[in-house]
There are 2 protein chains.
Amino acid sequence: MSHADDASPSDRTRDALTAAHLYYMQDLTMDAIAHELHTSRSSVSRLLSHARASGLVDIQIRSPLDAPSRLEKEILDRFHVTAHVVPVPDNASDVDRLERVALSVARILGQYFDSNMTLGVAWGSTMNAISRHVTLKATHNSQIVQLNGAGNMRTTGLAYASEILGRFGTAFGAHVQQFPVPAFFDDPATKQALWRERSVSRLLEIQGRMNVALFGLGSPFSEVTSHVYAGGYLDEADYASLSDAGVVGDVATVFFRADGSTDGIALNERSSGPEFAVLRRTPRRICVVSGSSKLPSLHGALRADLITDLFLDEGTARALLESPLS
Amino acid sequence: MSHADDASPSDRTRDALTAAHLYYMQDLTMDAIAHELHTSRSSVSRLLSHARASGLVDIQIRSPLDAPSRLEKEILDRFHVTAHVVPVPDNASDVDRLERVALSVARILGQYFDSNMTLGVAWGSTMNAISRHVTLKATHNSQIVQLNGAGNMRTTGLAYASEILGRFGTAFGAHVQQFPVPAFFDDPATKQALWRERSVSRLLEIQGRMNVALFGLGSPFSEVTSHVYAGGYLDEADYASLSDAGVVGDVATVFFRADGSTDGIALNERSSGPEFAVLRRTPRRICVVSGSSKLPSLHGALRADLITDLFLDEGTARALLESPLS
DNA sequence: GGTGCTCCTGCACGTATGTTCATTGACAGT
DNA sequence: ACTGTCAATGAACATACGTGCAGGAGCACC
């Protein structure tokens with residue numbers, strides 16, 4: 001018996017594709033598919049897993065526009081951002097909350113990002129969680145650009161940031177543009193000088209043209225400190241100066257006050273993050289928040305008009321709406 | 001215990017939506033969802049069924065553009081239409097074939113049709129099969145327009161056509177425009193006269209502006225006769241004239257020859273179907289074929305440039321490619 | 001307040017699906 | 001040719017899922 005089985009390269013993909021067709025479009029059982037494909041049921045199960053994991057099958061949830069959740073509608077009315085409330089039980093732990101919001105975002109992100117686009121991503125525990133779940137989606141001529149440096153006194157941060165960026169990059173088949181600078185410079189002058197370097201200014205230009213920005217929120221003075229504040233990026237003096245300036249949070253290591261203002265916050269002069277003016281020029285600015293400890297920060301970010309699309313867990317959404325009018 | 005259960009109208013939808021989120025975006029098990037929603041696992045199963053059936057959950061299969069099936073690519077190269085090959089085992093019966101192709105089309109149709117659009121549909125066994133499976137998709141300000149009359153010597157055909165059209169209409173929440181005329185007039189003059197009536201010309205205008213046309217193929221001289229030829233629409237003389245004229249098939253009761261031409265086919269003067277010129281002005285023209293008995297007809301339709309998107313079963317696709325160059 | 005009706009629920013069962021594990025065959029290095 | 005590595009397979013098992021069924025809540029009609 002002469003085997004005609006030339007296991008061509010993307011042969012598995014081809015099979016996965018027809019299996020997916022048969023399963024999702026024709027409602028065949030895996031057993032039946034196994035029979036049609038002359039293989040075992042287990043293999044079909046695996047093929048389908050593969051199909052889902054590699055983005056061949058795309059499952060979307062489309063709210064019948066007349067019925068967005070009450071919370072999402074109210075947030076739109078009051079803050080003028082498109083909210084996506086992620087259902088999470090109130091008794092969930094903070095890590096659960098983060099993980100589940102991140103998973104949801106990762107699944108939906110593909111709807112915002114496509115070929116020929118540039119995605120700016122920050123780093124931090126939120127971004128890290130998201131990056132660990134992004135689902136594959138093939139794109140062409142697209143790139144991921146790092147929004148702010150991750151170096152600090154102990155490390156260049158390259159490994160950490162590159163890990164996050166890399167996951168986005170491979171998921172989308174996109175080119176990754178790293179930003180190998182410290183999160184904060186010691187001397188603003190150094191930043192100015194470096195910003196004039198062609199290698200850096202090239203990257204800044206890419207940032208300036210990005211189509212989608214994805215970021216979490218930092219909240220320096222909340223119980224649960226974010227990655228930035230735990231990682232040795234700031235010293236006591238820095239911290240004090242933030243407190244004095246009335247800072248409530250940051251986006252990509254750029255700080256802001258409760259009213260959304262940033263003027264006169266000294267640390268921003270030394271930050272590697274994008275000026276908010278740049279961010280505001282980005283058509284889609286996706287902010288991911290989980291856990292109500294970041295509420296003050298979120299209020300500031302909303303005031304500062306940094307957000308067009310907001311992902312948050314149910315509890316935080318409720319808390320946001322219960323807080324005083326703004 | 002005071003029940004706060006005010007079973008609001010679209011409360012079920014709301015629940016279905018969160019259940020879908022939890023299931024498809026967060027990969028929770030139905031058990032876990034049941035727990036979070038304070039209900040039983042079975043109810044969650046039903047909620048999810050509901051979510052899928054009512055189009056809240058949308059499952060798409062996206063071929064990673066670099067790997068369309070070999071057949072689809074070859075068809076594109078040779079005939080310049082986007083083919084969608086539906087995998088069907090070669091030993092499947094003709095009804096199976098039709099049913100499975102129809103199911104696939106029904107599932108994918110939502111990707112072609114949206115709000116503010118007009119969909120023209122023909123009738124016949126293929127259309128009937130598709131209509132029985134169309135999945136819900138909410139649209140606004142859209143309409144379904146009947147392409148050709150269905151009346152014959154025995155019936156107005158209204159019930160039959162309206163059944164088909166109606167299913168599309170309810171699936172998309174679209175307004176249905178029926179076409180209450182016979183499939184074929186006895187006297188061309190009657191047709192001319194009627195075509196000048198405002199009620200009819202209004203409908204013809206709608207046809208002229210449709211965004212998507214959906215139709216099967218008729219093949220008068222194949223073993224398996226289509227609905228048109230079995231239903232008493234044509235008499236012996238008509239049949240003979242078609243044969244004499246070298247007709248190989250029809251689209252919406254408008255006939256054509258193997259080379260795609262229609263000139264001088266007398267019956268067309270009496271047909272209620274849209275002139276091919278009208279059809280060709282329609283941006284998307286989706287043709288559904290199952291079973292290789294319709295191959296000659298398909299060839300003609302391709303020559304006549306009636307098709308932009310072609311759905312067919314695997315066997316027919318192979319047969320199409322094996323036939324002589326065209 | 002009954003009666004019949006429909007719709008919804010949770011249980012229990014059988015089936016469909018995911019996953020572990022031992023086996024196999026292909027391949028590269030020696 | 002031997003051997004270790006690796007990916008892929010199907011059998012067997014454990015789990016998750018769909019659905020028929022009986023009971024109960026709501027509601028209209030007498």
Side-chain angles (χ1 to χ4, degrees), chain A residues 1-59 61 67 87 89 100 103 107 133 135-136 170, chain B residues 1-59 61 67 87 89 100 103 107 133 135-136 170:
Chain A
M1 195 210 286
S2 70
H3 273 273
D5 291 1
D6 53 321
S8 99
S10 68
D11 203 18
R12 180 177 183 76
T13 299
R14 197 64 48 81
D15 277 354
L17 220 41
T18 62
H21 259 286
L22 294 170
Y23 191 75
Y24 290 107
M25 299 287 115
Q26 298 190 22
D27 290 342
L28 295 204
T29 156
M30 292 189 181
D31 241 331
I33 300 174
H35 198 260
E36 296 203 2
L37 261 49
H38 305 293
T39 178
S40 76
R41 200 184 51 69
S42 339
S43 297
V44 175
S45 172
R46 282 185 275 254
L47 272 181
L48 288 172
S49 299
H50 173 70
R52 284 183 299 247
S54 52
L56 296 180
V57 175
D58 181 33
I59 302 184
I61 297 186
R100 291 177 58 167
L103 187 50
R107 292 290 170 80
H133 296 295
T135 54
L136 256 52
T170 57
Chain B
M1 195 210 288
S2 70
H3 273 272
D5 290 2
D6 53 320
S8 99
S10 67
D11 203 17
R12 181 178 183 75
T13 300
R14 197 63 49 81
D15 276 355
L17 219 41
T18 62
H21 257 287
L22 294 172
Y23 192 75
Y24 290 107
M25 298 287 117
Q26 297 190 20
D27 290 341
L28 294 204
T29 156
M30 292 190 182
D31 240 331
I33 299 174
H35 198 260
E36 296 203 1
L37 260 52
H38 305 293
T39 179
S40 76
R41 198 183 53 69
S42 348
S43 297
V44 174
S45 171
R46 283 185 272 254
L47 272 181
L48 288 173
S49 299
H50 172 71
R52 283 182 300 248
S54 52
L56 296 180
V57 174
D58 181 34
I59 301 185
I61 296 186
R100 290 178 59 166
L103 187 50
R107 292 289 170 81
H133 296 296
T135 53
L136 256 53
T170 57

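Protein chains get the first letters and strands the later ones, always in sequence-line order, with residue 1 at the start of each.
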(request) Round to a whole Å and report the spacing from CG of A:Leu28 to C1' of C:dT15. (result) 16 Å
(request) Let me know the distance between CE of A:Met30 and C1' of D:dA16, rounded to the nearest Å. (result) 12 Å
(request) State, yes or no, whether a side-chain contact exists between B:Arg107 and A:Asp27 at a heavy-atom distance under 4.5 Å. (result) yes
(request) Could you check how far CG of A:Leu47 sits from C1' of C:dT19, rounded to whole Å? (result) 15 Å
(request) In whole angstrom, give the distance that lies between atom CG of B:Asp27 and atom P of D:dA16. (result) 13 Å
(request) Send over the distance from A:Arg41 CZ to D:dC13 P, rounded to a whole Å. (result) 14 Å
(message) Check this one for me: any side-chain N or O of A:Tyr23 less than 4.0 Å away from OP1 or OP2 of C:dT17?
(response) yes
(request) Answer yes or no: is there a side-chain heavy-atom contact under 4.5 Å between A:Pro87 and B:Met25? (result) no
(request) Classify the nucleic acid contact of B:Thr39 as base, sugar-phosphate or nothing, counting any heavy atom under 4.0 Å across all strands shown. (result) sugar-phosphate
(request) Can you tell me the distance, in whole Å, between the NE2 atom of B:His38 and the P atom of C:dT9? (result) 15 Å
(message) Rounding to an integer number of Å, can you tell me how far B:Ile33 CD1 sits from D:dC17 P?
(response) 8 Å
(request) Could you check whether A:Ser45 gets within reach of a base, just the sugar-phosphate, or nothing at all, counting any heavy atom under 4.0 Å? (result) base
(message) Would the distance check show the side chain of A:Ser45 and the main-chain N or O of A:Arg41 forming a donor-acceptor pair, the cut-off being under 3.5 Å?
(response) no
(request) Give a yes/no on whether any side-chain N or O of A:Ser42 is located under 4.0 angstrom from OP1 or OP2 of D:dT9. (result) no
(message) Whole angstroms only, please: what is the CG-P distance between A:Leu48 and C:dT19?
(response) 12 Å
(message) Just N and O in the side chain of A:Arg46: are any of them under 4.0 Å from OP1 or OP2 of C:dT20?
(response) no
(message) Within the structure provided, determine whether A:Leu28 and A:Glu36 are in side-chain contact (heavy-atom separation under 4.5 Å).
(response) yes
(request) Could you check if a side-chain atom of A:Asp15 sits within less than 4.5 angstrom of a side-chain atom of A:Thr39, using non-hydrogen atoms only? (result) no
(request) Among the candidates D:dC17, C:dG10, C:dT17, find the nucleotide nearest to the side-chain atoms of A:Thr29. (result) C:dT17
